[in-house]
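Written below as structure tokens is the structure these notes are about.
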Amino acid sequence: MRSTELFTKTKKQAPADEVSKNAQLLIRASYIHKEMAGVYTFLPMGLRVLENICQVIREEMNAIGGQELKMTTLQDPEIWQATDRWDDEKVDVWFKTKLKNGSEIGLGPTHEEPLIRAVKPYISSYKDLPFLAYQIQTKFRNETRAKSGVMRGREFLMKDLYSFARTEEEHDELYEKIKQAYFKVYKRLGVGEQTFLTFASGGMFSQFSHEFQTVCEAGEDTIYLDRKKGIAINEEVNDDKVLAELGVKREDLEEVRAAEVGNIFTLKDKFSKPLGLNYLDENNQEMDVLMGCYGIGPSRLVGVITELLGDDKGLVWPYEIAPFKVYIVRIGDSEAVIKATDKLYAELNEANIEAFYDDRDVRPGEKFADADLIGIPIRLVVSEKTLAGDEVEFKKRTDSNIEMVKLVDIIERIKSN
Ligand code: ATP
Ligand code: MG
């Protein structure tokens, strides 16, 4: 894409009403637009990152057999009443509205109930299990606080996967497989080193649930981290009994701020029983399906990655999720420079390397500042000077080093970045 084709422009100033670093940077770089508190539009640049994050998650969920579907936002109160989750006293984040005939409907804050109702007609025998179903979909939650930019939205994207198993062993196996897939996701998103499996309260269904917490100053949670063991515990379960069970010592724990980027739960028959999701086992016995639910917040991750990796110059995206891989700066507007830069841009496109071509008629300094602000991993500069040696300047966003690379070698250099 050429920058003169993109309708958005970067901004010099962060909006005064945004307190979080992620919202400030993402708005300045024109990745997002604030509609109202906790409600953000993803503009073309931001959407590319969000979609890339979703694609990584999708690939890892598909790799363990996850089957993608998409449920509805509008929710029928009936099934939520059956599990006692319709009452605002029980679930305090509901957005509710009314049909023309006066009957109430809700906007889905999570989707266990409707998914159970949708899969029920397909499950009758033990042969129909196990399976994993997931979606990547907009959730609505009437959050009290919405000051963390895209890290806490009232309307936000969630990947929610649900497991359906016959026995506890089968459930545990799926749970472990999904947990391992989550580690792969965070690693590919460039936050693997800062993201820790965190023991949280499992309520009455299992001893623990697990959160995936990314250590980050802007996070809203406090966790206690054993760096050597690579595990953490959250505030709910921070007591001596739990520490002993996990084999960690209090003196090894570091108190840090963190953001929850994922959460996995054993549900047992909590929802399947009241909604009648059961099957006949090998002995013709009616059994409840055992479920688990597993969330990741792609839009929160956009914010967390911004908070973690962004610097005083702007955004920094890991290669895999960057909106473009290469930012081309053209310096000068002589025919030779324009021709050579156009050719380079065409060659990158042909090699399937997504490039953002800054072809504007502005000062080089402005182009360099935008390249840094937008945070694309590789910057190439073409000028009369570089062309004199049949070269192009190559620089990584995370490195101050500038390399001169022959034009004929540039594709190889980018690929081996
Ligand atoms: P939190 O404790 O942060 O309120 P939660 O425990 O309610 O989150 P889940 O219902 O488990 O979250 O949702 C799964 C994932 O969705 C979370 O791990 C998080 O990454 C993301 N998420 C939850 N709430 C929000 C929100 N308001 N805005 C953006 N992402 C969110
Ligand atoms: Mg939580």
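In each ligand, atom 1 is the first atom listed, and ligand 1 is the first ligand listed. The figures here come from the full heavy-atom set of this structure, side chains too, leaving out hydrogens, waters and symmetry mates. We're numbering straight along the sequence, starting at 1.
Below 3.5 Å of separation, one finds no N or O of D221 facing any N or O of ligand 1. In terms of polar-atom proximity, defined here as any N/O pair under 3.5 Å, L157 makes no such contact with ligand 1. Checked by distance only, ligand 1 and V150 stay at 3.5 Å or farther apart across all their nitrogen or oxygen atoms. Residue R300 has at least one N or O atom closer than 3.5 Å to an N or O atom of ligand 1.
Considering only residues two or more places apart in sequence or on other chains, K241 meets the salt bridge (Lys or Arg N to Asp or Glu O under 4.0 Å) condition with E245. Contacts of Y162 classified as ring pair (Phe, Tyr, Trp, His ring centres under 6.0 Å), with partners at least two apart in sequence or in another chain: none.
Counting the atoms of ligand 1 from 1 in the order shown, those under 4.0 Å from a heavy atom of E143 are 24 (N), 26 (C), 27 (N). In summary, the atoms of ligand 1 found under 4.0 Å from a heavy atom of N263, numbered by their order in the structure, are 6 (O), 11 (O), 18 (O). Listed by number with element, the atoms of ligand 1 under 4.0 Å from a non-hydrogen atom of V261 are 18 (O), 20 (O). Annotation for ligand 1: atoms under 4.0 Å from non-hydrogen atoms of G153 are 26 (C), 27 (N), 28 (N), 29 (C). Numbered from 1 in the order shown, with element, the atoms of ligand 1 that lie under 4.0 Å from a heavy atom of M151 read 28 (N), 29 (C).
Side-chain atoms of E393 never come within 3.5 Å of backbone atoms of V382 as a donor-acceptor pair (strictly under, hydrogens ignored). Judged by distance alone, the side chain of R397 and the main-chain N or O of I374 form no donor-acceptor pair under 3.5 Å.
When heavy-atom distances to ligand 1 are checked against a 4.0 Å cut-off, E220 has no atom that comes that close, whether in backbone or side chain.
Aromatic ring centres of H210 and Y175 lie closer together than 6.0 Å. Outside the 6.0 Å centre-distance limit, the rings of H33 and Y40 are not counted as a close aromatic pair.
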Could you please spell out the steps behind the side chain to side chain contact (heavy atoms under 4.5 Å, CB included) verdict for R48 and E354? CA-CA 11 Å; R48 293 178 78 102; E354 291 166 308; 3.0 Å; yes
Stepwise, does the side-chain hydrogen bond (donor to acceptor under 3.5 Å, both in side chains) test hold for D342 with Y357? CA-CA 9 Å; D342 285 359; Y357 178 8; 2.7 Å; yes
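The nearest non-hydrogen atom to atom 1 (P) of ligand 1, considering only R152, M158, E155, comes from R152.
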